[in-house]
Amino acid sequence: MSSPEQASLERARELLAEFPVVDGHNDLPWALRSQVRYDLDARDIATDQRAHLHTDLPRLREGGVGAQYWSVYVRSDLPGALTATLEQIDCVRQLIARHPADLRGALTAADMEAARAEGRIASLMGAEGGHSIDNSLAALRGLYALGVRYMTLTHNDNIAWADSATDVPAVGGLSEFGREVVREMNREGMLVDLSHVAATTMRDALDTTAAPVIFSHSSARAVCDHPRNIPDDVLERLPDNGGVAMVTFVPKFVLQAAVDWTAAADGNMRANGFHHLDTTPEAMKVHRAFEETHPRPVATVSTVADHLDHMREVAGVDHIGIGGDYDGTAFTPEGLSDVSGYPNLLAELLDRGWSSTDLAKLTWQNAVRVLGAAEDVARDLQAKRGPSNATLGQLDC
């Protein structure tokens, strides 16, 4: 490595020592479920797990991660999604209990700051998809009570009250019950996550919410035209809302050539009897065979930095963050192969002229601020009204 590159990397590590990364989305719990059915001895993250996972404690430390939203995701076509979500939550709680020197459970912005002061990784949870609450506001409150601090309104499929970015429009954004879900999330203090949702759903949620929103793992649609990404008109609304858009690293969302390649690869997976998101060893053999004859376009650190440059220009530096989606994607960019790679991204941004102040906001300050703002809104709303017991049938029929 040349001297200027080494200097940027060393400076990036120094910055991360003070303002570590808050990563908005990591699918380690689902990987532990699918690989070893939560046998945490078989995938002991205190040791190097690079043969199986993008994530372990040594690499989180190497990457300068100071807070992690663990996704308690379950597939939208999985029977008993609410039960499976509870199992995912239990997995995170077990991880925190097993590794108290490295992980600290966090429920609030103050908890995140306390973890940083202690040199531990604040561990928060986000539910990925409104199917996890089974159309029940009581279930939503139950997830919050168990520690879930954001909910992505949809995953890849529509639900009864919200349209997904990757499904055929049905509701037209949010239904009236969907708006009530957003209002109840505001009242609880749970962040409304707009990754995965249709642009119409994004706009409806912004029209409804009283609190800042997040995008836990999405990039810029103007840079890469994929429906999972954020249109500029939505990014432009974040300053008034106070929200944060957290760039993701998934190649098929950040590199246009990878978008086209992925469409072909997904078709091949389905033709061979696998779900296109399947990352089991058998499914990955099919992926690798396809890649041998159809070389995969490679995203890089620079590709991701292009998205952050654009998102900063449109939304402002106070409204961007990072959500890598590690262990939720089969492929990663060159230089960002696992959770140890965040210093490479910061070094690239330093070389592009980003200041230390900019990077502190990107990595730590914006994400902590937005959770604190949601807490403030919740305190105000709880003083004004009690829980909602509205049902899907009452509001949408």
Side-chain angles (χ1 to χ4, degrees), residues 22-27 29-30 68-76 85 88 124-133 148-159 161-167 173-174 178 181-182 185 190-206 208-209 211-235 237-238 241 243-254 259 262 277 304 307-308 310-311 314-315 319-329 362 366-367 370-371 374:
V22 180
D23 184 279
H25 194 87
N26 184 302
D27 276 301
W30 183 259
Q68 180 65 68
Y69 278 95
W70 303 108
S71 175
V72 291
Y73 155 80
V74 299
R75 279 171 48 169
S76 55
T85 302
Q88 290 281 89
L124 305 102
M125 289 183 280
E128 191 174 16
H131 59 282
S132 288
I133 64 168
V148 174
R149 287 300 177 264
Y150 75 65
M151 184 173 74
T152 321
L153 298 186
T154 73
H155 191 243
N156 287 338
D157 303 313
N158 295 339
I159 55 177
W161 44 268
D163 283 346
S164 168
T166 48
D167 203 346
L174 284 177
V181 170
V182 169
M185 291 174 73
M190 185 184 290
L191 289 164
V192 176
D193 177 21
L194 300 180
S195 286
H196 279 287
V197 308
T200 50
T201 307
M202 297 176 194
R203 297 175 187 120
D204 282 355
L206 284 166
T208 305
T209 185
V213 302
I214 64 166
F215 292 82
S216 66
H217 58 307
S218 294
S219 296
R221 192 157 184 177
V223 179
C224 180
D225 188 15
H226 191 286
R228 271 282 283 103
N229 288 335
I230 313 167
D232 275 3
D233 72 285
V234 174
L235 286 171
R237 295 183 64 175
L238 289 183
N241 168 262
V244 173
M246 308 174 95
V247 70
T248 193
F249 301 164
V250 180
K252 65 182 179 181
F253 302 151
V254 298
V259 173
T262 299
L277 295 178
V304 175
H307 283 265
L308 281 170
H310 181 80
M311 292 160 75
V314 177
H319 303 285
I320 52 176
I322 295 172
D325 203 9
Y326 285 116
D327 284 306
T329 178
L362 172 73
N366 292 343
V370 78
L371 181 59

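Here the structure is a predicted model, which is why all the values come from computation and not from measurement.
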Legend entry - Polar side-chain atom of Thr208 near backbone of Asp204 as donor-acceptor pair, under 3.5 Å: yes
Legend entry - Trp161 vs Leu174 side-chain heavy atoms within contact, under 4.5 Å: yes
Inset, instruction - Grab the two heavy atoms, one from Thr262 and one from Lys252, that are nearest each other, plus how far apart they are. - result: OG1-CB, 3.1 Å
Legend entry - Atom pair CG (Leu206) and CG (Asp233), whose distance is rounded to the nearest 0.5 Å: 9.5 Å
Inset, instruction - Rounded to the nearest 0.5 Å, what's the gap from CG on Asn158 to OG on Ser76? Could you check? - result: 9.5 Å
Inset, instruction - Mark yes or no for whether Asn26, through its side chain, and Trp70, through its backbone, hold a donor-acceptor pair below 3.5 Å. - result: no
Inset, instruction - Spell out, as yes or no, whether a donor-acceptor pair under 3.5 Å connects the side chain of Asp193 to the backbone of Ser216. - result: yes
Inset, instruction - Mark yes or no for whether Thr248, through its side chain, and Gly323, through its backbone, hold a donor-acceptor pair below 3.5 Å. - result: yes
Legend entry - Donor-acceptor pair, side chain of Asp27 and main chain of Asp327, under 3.5 angstrom: no
Legend entry - Minimum heavy-atom distance between Thr166 and His226, given as atom pair plus value: CG2-CE1, 4.4 Å
Legend entry - Nearest atoms (heavy-atom pairs only) where Val72 meets Met125: CG1-SD, 3.9 Å
Inset, instruction - With rounding to the nearest 0.5 Å, note down the distance linking OG in Ser71 to CG in Leu124. - result: 12.5 Å
Legend entry - Pairwise side-chain contact, Phe253 with Thr329, heavy-atom cut-off 4.5 Å (strictly under): no
Inset, instruction - Taking the side chain as every heavy atom from C-beta outward, state whether Met246 and Asp23 have any pair of such atoms under 4.5 Å apart. - result: no
Legend entry - Backbone of Gly173 reached by a side-chain donor or acceptor of Asp163 within 3.5 Å: yes
Inset, instruction - May I ask you to test the Val370-Val213 pair for a side-chain heavy-atom distance under 4.5 Å? - result: no
Inset, instruction - Could you tell me whether the side chain of Val254 reaches within less than 4.5 Å of the side chain of Phe249, counting heavy atoms only? - result: no
Legend entry - Heavy-atom pair of closest approach, residues Thr152 and Ser195: CG2-O, 2.8 Å
Legend entry - Val244 to Gly321 - nearest heavy-atom pair and separation: CG1-N, 3.7 Å
Inset, instruction - Look only at the side chain of Asn241 and the backbone of Ala211, and say whether a donor-acceptor pair between them is shorter than 3.5 Å. - result: yes
Inset, instruction - Report yes or no: does Gln88 contribute a side-chain atom to a donor-acceptor pair with the main-chain N or O of Tyr73 at less than 3.5 Å? - result: yes
Inset, instruction - To the nearest 0.5 angstrom, please state how far the NE2 atom of His131 sits from the OG1 atom of Thr154. - result: 9.5 Å
Inset, instruction - Determine whether Ser132 and Val74 make a side-chain contact, defined as any pair of heavy atoms from C-beta on separated by less than 4.5 Å. - result: yes
Inset, instruction - Measure from the side-chain N and O atoms of Tyr69 to the backbone N and O of Tyr150, and report whether any donor-acceptor pair falls under 3.5 Å. - result: no
Legend entry - Candidates Asp167, Asn156, Asp157, Thr201 - the one meeting side-chain hydrogen bond (donor to acceptor under 3.5 Å, both in side chains) with His196: Asn156
Inset, instruction - Give, for atom CD1 of Ile322 and atom CG of Leu308, the distance between the pair rounded to the nearest 0.5 Å. - result: 6.5 Å
Legend entry - Donor-acceptor pair, side chain of Asp232 and main chain of Val314, under 3.5 angstrom: no
Legend entry - Beyond-backbone contact of Val181 with Met151, side-chain heavy atoms, under 4.5 angstrom: yes
Legend entry - Beyond-backbone contact of Met185 with Leu153, side-chain heavy atoms, under 4.5 angstrom: yes
Inset, instruction - Nearest 0.5 Å please: distance from the OG atom of Ser218 over to the NE2 atom of His307. - result: 11.0 Å
Legend entry - Closest non-hydrogen atom pair, Ala127 against Val148: N-CG1, 3.6 Å
Legend entry - Plane angle bin for His25 and His217 - parallel if under 30°, tilted between 30 and 60°, otherwise perpendicular: parallel
